[in-house]
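Lettering of chains follows the sequences in order, A, B, ..., and the numbering in each one begins at 1. These numbers come from the heavy atoms of this one structure, side chains and all, not from hydrogens, waters or symmetry mates. All of these numbers come straight from a predicted model, not from anything done at the bench.
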Amino acid sequence: SQKIEQNSEALNIQEGKTATLTCNYTNYSPAYLQWYRQDPGRGPVFLLLIRENEKEKRKERLKVTFDTTLKQSLFHITASQPADSATYLCALPHGSGNTGKLIFGQGTTLQVKP
Amino acid sequence: DAGVIQSPRHEVTEMGQEVTLRCKPISGHNSLFWYRQTMMRGLELLIYFNNNVPIDDSGMPEDRFSAKMPNASFSTLKIQPSEPRDSAVYFCASSPRLSGGRNEQFFGPGTRLTVL
């Protein structure tokens with residue numbers, strides 16, 4: 001069955017450093033991958049979508065890579081700030097990707113210390 | 001736009017009682033999703049609708065759970081009878097479309113359900 005893995009352990013980094021979060025998947029070839037941010041007590045918020053034919057995508061201080069050979073996506077936050085502290089979820093389409101159904105990873109919690 | 005609206009934000013009830021959660025999606029969005037989030041299982045899709053029609057309810061845990069979408073601006077998730085293991089945060093999300101580009105999902109603030 002399709003499986004998504006994100007680091008369950010929290011990532012603690014110092015302000016100004018680059019945070020790198022990992023999303024690994026098995027047993028399928030998704031047409032795209034999405035990243036969401038979730039703050040405590042709130043719903044997830046969409047950040048970025050990257051397609052299988054895109055190696056890299058950037059949005060302000062965020063950068064996402066998508067390696068379909070390694071079956072892995074990396075999510076980078078450069079010049080991190082305490083306000084970046086949150087849980088980050090990756091999501092992949094279920095099956096062929098035409099249904100709109102997403103499967104979410106468990107998320108990785110990032111803590112940026114001043 | 002106000003975003004996805006959910007009510008109530010918090011619900012505390014006793015085992016055996018009926019619980020109804022409500023959702024108003026973003027105007028113009030064609031798809032609506034109901035999720036449940038717990039520490040153990042993460043974010044799980046329960047059911048989703050496209051153009052008010054249920055497409056996939058394979059995530060609904062039991063017959064005690066039911067969902068309706070009578071029109072494009074309103075959906076309900078009902079649990080009857082509720083059990084303590086139903087305690088979780090329930091999210092509603094909407095999306096402009098199901099597939100292709102721009103199918104990111106917009107989540108509501110969630111309803112925290114506690115069943116005693």
On a heavy-atom basis, which atom in B:M39 and which in A:Q106 lie closest, and how many Å separate them? O-NE2, 4.3 Å
Neighbour count >12 (heavy atoms, 6.0 Å) for atom NZ, B:K68: no
Taking side-chain hydrogen bond (donor to acceptor under 3.5 Å, both in side chains) as the cut-off, I'd like each qualifying pair that reaches into residues 11-22 of chain A, sequence neighbours left out, listed once. A:T20-A:H76
Under 4.5 Å from a heavy atom of chain A, the part of B:L43 involved: both
Is it true that atom CG of B:D63 has more than 12 heavy atoms of other residues, nucleotides or ligands lying nearer than 6.0 Å? no
Counting only heavy atoms not in A:E54, do more than 12 sit closer than 6.0 Å to its CD atom? yes
Any side-chain heavy atom of B:Y48 sitting closer than 4.5 Å to one from A:L102? no
Is it the backbone or the side chain of B:Q37 that comes under 4.5 Å from a heavy atom of chain A, or both, or neither? side chain
Output, in order, the C-alpha distance, side-chain angles, deciding distance and verdict of side-chain contact (heavy atoms from CB on, under 4.5 Å) for B:S58 and A:K101. CA-CA 11 Å; B:S58 60; A:K101 182 176 178 178; 3.4 Å; yes
Does the side chain of B:Q105 pick up a donor-acceptor pair with the side chain of A:Q34 at under 3.5 Å? no
Would you mind reporting whether A:Y36 and B:E104 have side-chain heavy atoms less than 4.5 Å apart? yes
Taking CD in B:E62 as the centre, count heavy atoms belonging to other residues, nucleotides or ligands within less than 6.0 Å. Is the count above 12? yes
Quick one: list whatever passes ring pair (Phe, Tyr, Trp, His ring centres under 6.0 Å) with A:F66, sequence neighbours left out. none
Heavy-atom count around B:R112 CZ within 6.0 Å, excluding the residue itself: above 12? no
Distance from B:F107 atom CZ to A:R42 atom CZ, nearest 0.5 Å? 15.0 Å
Part of B:R9 within contact of chain A (heavy atom distance under 4.5 Å): side chain
